[in-house]
Amino acid sequence: MDRTSSQALTDDEIHALVDGQLSQEALAALQARLALDPAAQATMATWQQQRDALRRLHQQVLDEPVPATLMSAARQTAASRQEIRQWWRWGGLAASFLLAFGAGWASHGEWQVRSPSPALAKGRAEQNFVRQASFAHAVYSPEVRHPVEVTAAEQDHLVQWLSKRLGRPLKVPNLGPQGYELMGGRLLPGEAGARAQFMFQNAAGTRVTLYLGAVDKAPGGVDARESSFHFATDGPVPSFYWIDQGFGYALAGPLPRDALMKLAEAVYRQL
């Protein structure tokens with residue numbers, strides 16, 4: 001047996017398998033080693049789940065045609081059909097770049113020449129917020145050893161710390177009557193500043209997360225000031241969310257709509 005066939009796969013090699021950017025010969029060689037490496041198989045499965053979640057999160061970007069403004073510029077500068085095709089390929093690479101970094105650039109309207117209406121801009125800001133809440137749940141809720149940054153045993157410290165970082169006093173809702181206990185929380189980044197996530201779990205091991213923080217200003221400087229109670233499925237898990245004076249709240253989890261709504265209403269009443 002070739003000595004390399006028994007070597008554990010590196011992270012770069014696992015990335016190459018997940019991305020599918022390999023020749024047939026290289027693919028066959030890595031797959032043979034993967035079959036002998038259970039740890040690499042588990043890592044690859046996790047990364048494939050994260051890749052698929054990103055694709056679902058930004059599917060509209062991948063499906064979007066190249067904007068007319070870019071095509072117009074291409075026609076003005078391209079001297080041949082070949083150059084025009086390069087612009088098409090550039091558009092595809094740009095979409096892939098956005099996907100890889102989870103930027104959601106197109107959803108912010110960066111390719112638009114005219115500023116969106118205030119209503120449309122506000123809707124986009126809300127959509128971005130609730131997607132980030134859903135994706136944050138998908139990233140951290142499966143964790144076994146480190147689902148939270150600070151545990152519920154240090155709840156006072158957790159609330160004080162996150163309140164300071166988010167710039168306003170926070171309160172952890174009590175979901176005990178609904179069968180969910182606080183596990184803890186963590187600090188997360190947001191384009192408009194820091195955001196927080198509180199995680200809760202019931203006796204069956206089902207986890208829900210409360211994501212909160214300032215809502216990003218939409219294109220044109222429009223603030224998402226206020227929003228009524230909404231249900232959203234635009235992300236890895238569904239969520240109920242609302243926005244009050246530029247501050248957003250989203251309760252996300254893998255629950256039926258009615259069950260999630262009861263939890264969200266309990267949170268809403270307390271906050």
Side-chain angles (χ1 to χ4, degrees), residues 50 53 102 125-126 128-217 223-232 235-255 258-271:
Q50 293 173 351
E126 292 183 12
N128 290 337
F129 177 82
V130 74
R131 279 181 176 174
Q132 290 156 6
S134 179
F135 193 68
H137 176 95
V139 169
Y140 293 110
S141 62
E143 288 288 332
V144 177
R145 297 185 62 183
H146 305 289
V148 296
E149 197 170 0
V150 179
T151 67
E154 299 180 88
Q155 181 173 336
D156 290 343
H157 163 66
L158 173 66
V159 173
Q160 183 179 13
W161 171 52
L162 292 179
S163 296
K164 181 178 180 180
R165 293 304 308 270
L166 270 66
R168 69 169 63 193
L170 302 181
K171 178 182 178 182
V172 179
N174 177 18
L175 298 181
Q178 290 75 30
Y180 285 82
E181 298 298 331
L182 177 69
M183 297 180 68
R186 66 172 60 247
L187 181 70
L188 294 172
E191 293 179 15
R195 290 179 182 166
Q197 181 192 67
F198 295 114
M199 187 177 296
F200 304 82
Q201 179 174 284
N202 67 9
T206 301
R207 294 174 177 178
V208 295
T209 54
L210 176 63
Y211 181 84
L212 61 164
V215 178
D216 307 338
K217 282 191 174 182
D223 239 335
R225 301 298 298 170
E226 191 172 336
S227 171
S228 56
F229 209 52
H230 291 291
F231 179 68
V237 294
S239 60
F240 273 95
Y241 73 96
W242 64 98
I243 294 171
D244 182 18
Q245 296 298 308
F247 205 77
Y249 307 82
L251 187 77
L255 298 176
D258 289 347
L260 190 60
M261 181 174 68
K262 290 178 181 178
L263 287 175
E265 287 175 341
V267 173
Y268 183 83
R269 287 193 298 269
Q270 295 181 56
L271 300 185

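All of these numbers come straight from a predicted model, not from anything done at the bench.
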Could you give the distance from CD (Gln270) to NZ (Lys171), rounded to the nearest 0.5 Å? 5.5 Å

Would the distance check show the side chain of Thr151 and the main-chain N or O of Gly184 forming a donor-acceptor pair, the cut-off being under 3.5 Å? no

Which heavy-atom pair separates Leu212 from Phe129 by the least distance, and what is that distance? CA-CZ, 4.2 Å

With rounding to the nearest 0.5 angstrom, report the CE to CE distance, Met199 to Met183. 6.0 Å

Qualifying residues under ring-ring contact (aromatic ring centres under 6.0 Å, His included), relative to Phe200, sequence neighbours excluded: none

Spatial distance of atom OH (Tyr241) from atom NE2 (His230) [nearest 0.5 Å]: 5.0 Å

When every non-hydrogen atom of Phe229 is compared with those of Ala264, the smallest separation belongs to CZ-CB, 3.4 Å

Is there side-chain contact between Tyr180 and Thr206, with heavy atoms separated by less than 4.5 Å? yes

Gly253 versus Val208, closest heavy-atom pair with distance: CA-CG1, 4.2 Å

Side chains of Arg207 and Tyr140: closer than 4.5 Å at any heavy-atom pair? no

Residue pair Met261 / Phe231, side-chain heavy-atom distance below 4.5 Å: no

Is the ring pair Trp242/Tyr249 parallel, tilted or perpendicular, if the boundaries are 30 and 60 degrees? parallel

Let me confirm one number: the CG-CZ distance from Leu187 to Arg195, rounded to the nearest 0.5 Å. 11.5 Å

Can you check whether Leu188 reaches Tyr211 side chain to side chain, under 4.5 Å on heavy atoms? yes

Side-chain donor-acceptor distances from residues 154-169 under 3.5 Å, at least two apart:
unit_1, atom_1, unit_2, atom_2, d
Ser163, OG, Val159, O, 2.6
Ser163, OG, Leu170, N, 2.9

side-chain contact (heavy atoms from CB on, under 4.5 Å) with Leu210: of Leu263, Leu271, Val172, Leu175, only one passes, and it is Leu271

For the student: nearest non-hydrogen atoms of Ser239 and Val130, plus distance: OG-CG2, 3.0 Å

Nearest heavy-atom approach of Ala133 to Ala250 is CB-CB, 3.6 Å

Under the side-chain hydrogen bond (donor to acceptor under 3.5 Å, both in side chains) rule, collect the residues that match up with Arg186, sequence neighbours excluded. none

